Undergrad: 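I am attaching a structure below and will ask some questions about it afterwards.
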There are 6 protein chains.
Amino acid sequence: MRTTRAADAMRPVEIIHDIQPQAGASLMIKMGGTHVICAVSVENTVPPFLRDSGQGWITAEYGMLPTSTNTRMKREAGRGRSGRTYEIQRLIGRSLRMMVDLHSLDGKTFRVDCDVINADGGTRTASITGAALALRQAIKREFEQGNLAAMPDILPIAAISAGLVNGQALLDLEYSEDSRADVDANFVMTADGRWIEAQSTAEGRPFSPEDFTAIAGLARKGINELLALWECA
Amino acid sequence: MRTTRAADAMRPVEIIHDIQPQAGASLMIKMGGTHVICAVSVENTVPPFLRDSGQGWITAEYGMLPTSTNTRMKREAGRGRSGRTYEIQRLIGRSLRMMVDLHSLDGKTFRVDCDVINADGGTRTASITGAALALRQAIKREFEQGNLAAMPDILPIAAISAGLVNGQALLDLEYSEDSRADVDANFVMTADGRWIEAQSTAEGRPFSPEDFTAIAGLARKGINELLALWECA
Amino acid sequence: MRTTRAADAMRPVEIIHDIQPQAGASLMIKMGGTHVICAVSVENTVPPFLRDSGQGWITAEYGMLPTSTNTRMKREAGRGRSGRTYEIQRLIGRSLRMMVDLHSLDGKTFRVDCDVINADGGTRTASITGAALALRQAIKREFEQGNLAAMPDILPIAAISAGLVNGQALLDLEYSEDSRADVDANFVMTADGRWIEAQSTAEGRPFSPEDFTAIAGLARKGINELLALWECA
Amino acid sequence: MRTTRAADAMRPVEIIHDIQPQAGASLMIKMGGTHVICAVSVENTVPPFLRDSGQGWITAEYGMLPTSTNTRMKREAGRGRSGRTYEIQRLIGRSLRMMVDLHSLDGKTFRVDCDVINADGGTRTASITGAALALRQAIKREFEQGNLAAMPDILPIAAISAGLVNGQALLDLEYSEDSRADVDANFVMTADGRWIEAQSTAEGRPFSPEDFTAIAGLARKGINELLALWECA
Amino acid sequence: MRTTRAADAMRPVEIIHDIQPQAGASLMIKMGGTHVICAVSVENTVPPFLRDSGQGWITAEYGMLPTSTNTRMKREAGRGRSGRTYEIQRLIGRSLRMMVDLHSLDGKTFRVDCDVINADGGTRTASITGAALALRQAIKREFEQGNLAAMPDILPIAAISAGLVNGQALLDLEYSEDSRADVDANFVMTADGRWIEAQSTAEGRPFSPEDFTAIAGLARKGINELLALWECA
Amino acid sequence: MRTTRAADAMRPVEIIHDIQPQAGASLMIKMGGTHVICAVSVENTVPPFLRDSGQGWITAEYGMLPTSTNTRMKREAGRGRSGRTYEIQRLIGRSLRMMVDLHSLDGKTFRVDCDVINADGGTRTASITGAALALRQAIKREFEQGNLAAMPDILPIAAISAGLVNGQALLDLEYSEDSRADVDANFVMTADGRWIEAQSTAEGRPFSPEDFTAIAGLARKGINELLALWECA
């Protein structure tokens with residue numbers, strides 16, 4: 001049972017801007033003990049499948065420092081990306097591409113690197129929330145520097161985890177909860193109540209549609225709190 | 001608009017048993033133009049993290065013949081597994097592990113290979129549905145050959161895709177529908193109404209919770225039809 | 001000693017056409033328990049060393065499903081191609097390139113994928129025999145669709161294994177024979193009595209030129225039977 | 001010409017301790033705009049070549065966040081370690097192994113990860129200086145937790161770069177100086193005036209032994225200042 | 001047309017012994033402009049599939065210096081072994097294993113490295129001829145040093161290329177002949193008239209059984225000359 | 001203690017020219033038991049970062065035959081280049097680039113392969129000394145063949161190792177000395193008394209600046225002797 005915060009409470013969230021001053025935009029997002037650097041690089045090309053399409057592109061890469069976890073993780077430079085890494089960076093990229101019409105990016109690629117400095121559960125959702133803020137910043141700067149013809153409309157998004165632990169629905173799982181959850185879910189949502197991704201996985205046992213509805217409700221509450229960051233950022 | 005079948009209709013399903021007679025159990029599942037061979041190999045070891053745990057293990061690998069798709073796909077033997085392949089084989093493995101208590105597998109690994117011979121949408125869900133049937137078969141045979149102390153309880157599962165195309169909720173997307181879907185979802189469910197995986201992704205635009213509910217309802221209908229295969233198989 | 005068929009008898013041969021309808025041409029060849037899918041993809045480029053030569057190209061790739069063999073074989077997507085795979089796909093490609101004047105292919109590459117679904121000896125020769133038929137089909141279709149200026153002359157070829165087992169010369173070895181053969185040979189031949197490849201290997205002990213002559217004679221008999229497929233296909 | 005600091009002046013140095021609380025010891029070292037996380041993991045094994053030797057081992061790995069540099073660097077997870085990375089992590093490991101008698105480490109491996117968050121010149125020497133401090137901390141903690149029989153003697157070391165730019169000897173080069181240096185040198189030294197590594201490289205033109213002596217003198221001054229960190233840390 | 005030597009003449013052959021004094025046995029074989037170092041290392045283990053079989057093992061590896069060829073070849077350290085390399089080292093290993101009863105090798109592996117210093121055609125056959133001599137030497141030395149219980153019987157073997165160039169059968173092709181040959185063949189044979197490998201490949205056009213017989217006859221002549229090396233070596 | 005030669009004596013040096021006649025220039029350098037083939041290939045392109053710069057490029061690759069060492073070394077074709085290999089080939093390339101103004105190379109790349117046939121200490125310095133001679137030869141030949149507009153000025157360089165063994169400074173370490181050295185140093189120097197690289201590493205214990213001076217003095221003596229090769233070569 002969770003004792004130090006309510007079942008529907010998030011961990012404290014903090015954003016530190018411009019942590020990597022050489023990137024197009026960068027920040028560190030802290031959600032409790034989970035710390036992720038999100039940084040955007042802007043490139044004047046697009047992948048081959050978009051050549052001559054007039055579209056730009058948004059993509060993401062994800063990594064973890066070997067000492068970000070409980071037990072040291074082997075460096076992917078030495079063994080290649082794991083399946084988990086591929087899965088996460090595909091999810092981040094897909095989510096970010098919903099934020100903006102790719103036709104408005106004037107043939108540029110916005111590459112968002114999410115690097116986990118400390119991992120205490122929810123690294124993929126913290127990555128998306130941080131990456132979305134950094135991406136907005138990078139697009140704004142490109143426009144302000146005259147590198148984009150018009151400032152594109154940007155759809156605010158955020159992501160949060162929720163799950164079922166010992167039969168109780170909990171918002172924003174930390175590692176000690178996540179590792180014994182029966183259901184583990186991740187949501188990416190917009191400010192106007194719509195969904196971008198909903199992934200819900202039975203870890204211990206299958207779950208009911210009602211469980212899913214309860215978890216999704218918690219996620220909506222968390223997302224709304226995270227989207228408040230967009231005002232002040 | 002779908003014209004040749006109803007929005008809530010599945011493509012014809014066919015199972016051909018023992019297509020690879022040298023495997024522990026094997027079958028080809030055909031869902032319309034999507035054909036997948038699912039074959040189980042039984043190994044008398046478990047991965048290192050389960051040594052001395054008394055548990056067995058269930059895992060899956062996924063591949064596509066290069067000529068299974070519209071445009072030839074480069075062979076992964078030459079370039080390594082793609083992120084999509086990793087994502088899919090992790091999903092299949094996770095789903096299958098919900099079917100049986102791993103403690104009942106007497107320290108054996110059941111490795112399920114899903115190889116796509118022809119791809120016309122829904123290859124990952126067809127893989128799960130076929131793999132679940134083949135896995136039951138392989139476990140049964142292990143028990144009958146005296147290699148398992150007791151016949152484990154097996155939870156029937158099946159998987160299906162559904163989505164939103166041109167504003168209409170459709171069951172069991174084929175490739176031409178999948179490639180222009182606004183929402184693409186995959187569900188893994190049990191016979192008793194519970195869920196194992198629910199993954200819903202905005203491809204074109206964010207979707208409402210009501211859209212999700214409609215899609216999940218279609219999936220339930222499809223799953224129920226697929227689980228009828230368990231009777232006759 | 002072989003009991004169920006004569007020393008100079010082949011296993012039953014069957015061709016199933018268009019098994020992968022999305023390829024340029026495809027078939028499954030069955031020689032007894034050995035089943036191989038051969039599929040041709042047509043590409044409008046040639047490899048760098050043929051740029052601006054006016055020639056086309058024919059090449060082959062070979063793979064085995066992990067569960068096609070007696071004991072499951074590790075997937076090459078995870079470990080790279082083996083030496084055996086390289087050796088076989090080079091042999092297939094070389095053989096097919098003898099079928100047609102590359103100058104008549106109008107700068108196109110015909111890439112033939114041979115994927116073994118079930119392996120019971122003779123997979124490389126079954127691959128060549130099936131690939132040759134599929135290649136002819138693909139070239140014909142290219143011509144009929146107006147993608148080749150003229151229909152090229154095509155030299156029919158086929159391949160078969162033969163060997164020496166317990167001192168007896170046998171045609172078309174199955175796995176149980178192949179694995180204890182003293183001499184293992186593969187031949188690729190044409191309809192007019194000429195040879196394209198002759199590879200004869202001592203597995204257990206060196207062999208005499210007379211042994212070689214006996215084996216080559218069996219191969220000629222088998223090739224003639226296989227080339228009859230060209231009439232009806 | 002350097003204008004904002006004296007030719008023999010270092011950039012401001014800052015140490016932030018326990019930046020990765022899950023590691024055996026960790027810190028971030030900042031030398032001006034160069035920021036490196038150094039973290040130590042303690043493992044209860046040694047590499048094969050030390051099995052049964054009674055010795056422990058000290059080794060290092062080095063990485064850079066893709067967005068730590070001016071122009072984004074491709075992630076080594078996707079392309080393998082570069083030659084530069086190998087060269088640097090070998091240098092760090094060699095240097096650290098001079099700090100302590102390996103026989104006093106009771107068969108443990110101390111693995112030091114150096115990850116560059118921001119790069120503005122001198123990342124390899126900052127890594128060594130930070131890693132040495134973190135390693136001392138980790139060894140102390142192991143002893144205090146009863147995991148080492150005795151507290152080993154530890155030799156304080158530090159590292160600094162120096163070079164020749166436009167004919168002037170400069171201490172602690174930043175990137176804009178390093179990139180146009182005629183001579184680029186790195187030194188690892190001890191508190192008692194001895195040297196562990198001296199690497200001096202002509203980038204633009206060969207240099208005289210007198211140039212080397214001048215550069216080495218600057219390095220000694222810088223090292224002495226860095227070793228003062230050992231008192232207060 | 002060959003002008004400087006007869007159609008059935010070999011290039012001058014030279015053996016330089018102990019070219020790598022740190023190996024178990026080593027030599028350089030020169031056949032005209034083709035120079036190969038063959039060196040044997042003796043290991044006190046066998047591959048996993050021979051554990052507890054009582055057998056030893058013989059295996060080979062093959063490489064070419066990047067500057068051994070006409071046009072520099074990319075180093076395989078940077079791109080992995082090519083298909084050709086795999087094919088050749090499998091051929092060398094298979095051939096050498098016919099020389100001796102593996103049961104007489106007392107559980108040792110004899111690993112033969114063949115490294116081409118200069119390539120002017122026939123590198124694979126020169127490798128086999130040289131490797132066979134070096135292997136005999138290494139086995140003898142192992143016996144003389146008391147590392148083998150008895151001196152095994154050794155079957156002398158040698159290898160040579162032959163082919164059809166402009167309709168003429170030629171022995172021992174050099175590169176300028178090999179590159180325009182219609183038929184390219186390699187033979188591995190024993191002293192008593194038997195064959196170990198016969199590989200004959202149509203490069204330009206199919207060939208007749210009579211052509212094959214002529215080529216095999218030339219090869220026999222060359223092999224007999226090479227086997228004379230066994231007397232004096 | 002060194003007994004067979006004086007502490008400041010080099011091993012006998014021998015150069016064999018044109019050992020690989022197909023390269024642009026080639027030689028074998030022997031320094032005692034260390035034998036290295038150095039061969040230059042000339043390419044009419046430059047790496048991407050030099051495109052349109054008007055400069056040429058000089059780069060080096062390094063390899064060891066598996067049987068060049070005491071204990072057989074695994075082939076890098078099978079496992080990729082080691083960190084040590086990367087480190088050495090970067091050092092060789094950097095050193096050679098000091099020999100000539102890259103602008104005088106007319107957009108050509110001179111690629112120098114250094115392949116160790118026998119290793120008995122000092123392979124990297126022997127590689128540099130041999131590569132420098134071969135590079136001069138290749139540049140001269142390019143000029144003589146009309147492929148360079150003018151003959152560039154070439155700065156003679158050579159390299160040697162020196163170190164501290166049992167408290168004694170020794171020149172040109174062989175393997176048995178190198179493996180128990182307290183300090184191991186490598187120098188690349190020019191004829192006019194200047195330095196290109198100075199790398200000094202504590203292997204057993206830190207060393208004093210005076211030790212370094214003594215070692216550097218020995219190196220200067222050795223370099224002068226090696227540079228005499230430039231006269232006669």
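None of these values were measured; they are calculated from a predicted model. Just so it is clear: chains get the letters A, B, ... in the order the sequence lines come, proteins before strands, and each one is counted from 1.
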Undergrad: Does A/E61 reach the side chain of D/R72, with side-chain heavy atoms less than 4.5 Å apart?
TA: yes
Undergrad: Kindly write out the residues that satisfy ring-ring contact (aromatic ring centres under 6.0 Å, His included) with A/Y175, not counting sequence neighbours, or none if the list is empty.
TA: none
Undergrad: Taking non-hydrogen atoms and a cut-off under 4.5 angstrom, which of residues 123-131 of chain D neighbour chain A?
TA: none
Undergrad: Below 4.5 Å, heavy-atom pairs only: which of A/G78, A/G24, A/A23 has the largest tally toward chain D?
TA: A/G78
Undergrad: Side chain, backbone, both or neither: which part of D/Y62 has a heavy atom under 4.5 Å from chain A?
TA: backbone
Undergrad: So, for D/I19 and A/N118, which heavy atoms are closest and what is the spacing to 0.1 Å?
TA: O-ND2, 2.9 Å
Undergrad: Relative to chain D, which segment of A/R79 carries a heavy atom at a distance below 4.5 Å: side chain, backbone, both, or neither?
TA: neither
Undergrad: So which part of A/T69 gets closer than 4.5 Å to some heavy atom of chain D, the side chain, the backbone, both or neither?
TA: backbone
Undergrad: Apply side chain to side chain donor-acceptor pair (under 3.5 Å) to D/N70 and list each qualifying residue two or more places apart in sequence or on a separate chain.
TA: none
Undergrad: Using non-hydrogen atoms and a limit below 4.5 Å, what part of residues 30-57 of chain D faces chain A?
TA: D/I37, D/A39, D/S41, D/E43
Undergrad: Please check if the side chain of A/Q22 supplies one atom and the backbone of D/T71 the other of a donor-acceptor pair under 3.5 Å.
TA: no
Undergrad: Measuring from atom CG of A/D113 to atom CE of D/M73, what distance do you get when rounded to the nearest 0.5 angstrom?
TA: 10.0 Å
Undergrad: What's the shortest heavy-atom distance between D/Q20 and A/L65, and which atoms?
TA: NE2-CD1, 3.5 Å
Undergrad: Considering only heavy atoms from C-beta outward, does the side chain of A/R75 approach that of D/E76 to under 4.5 Å?
TA: no
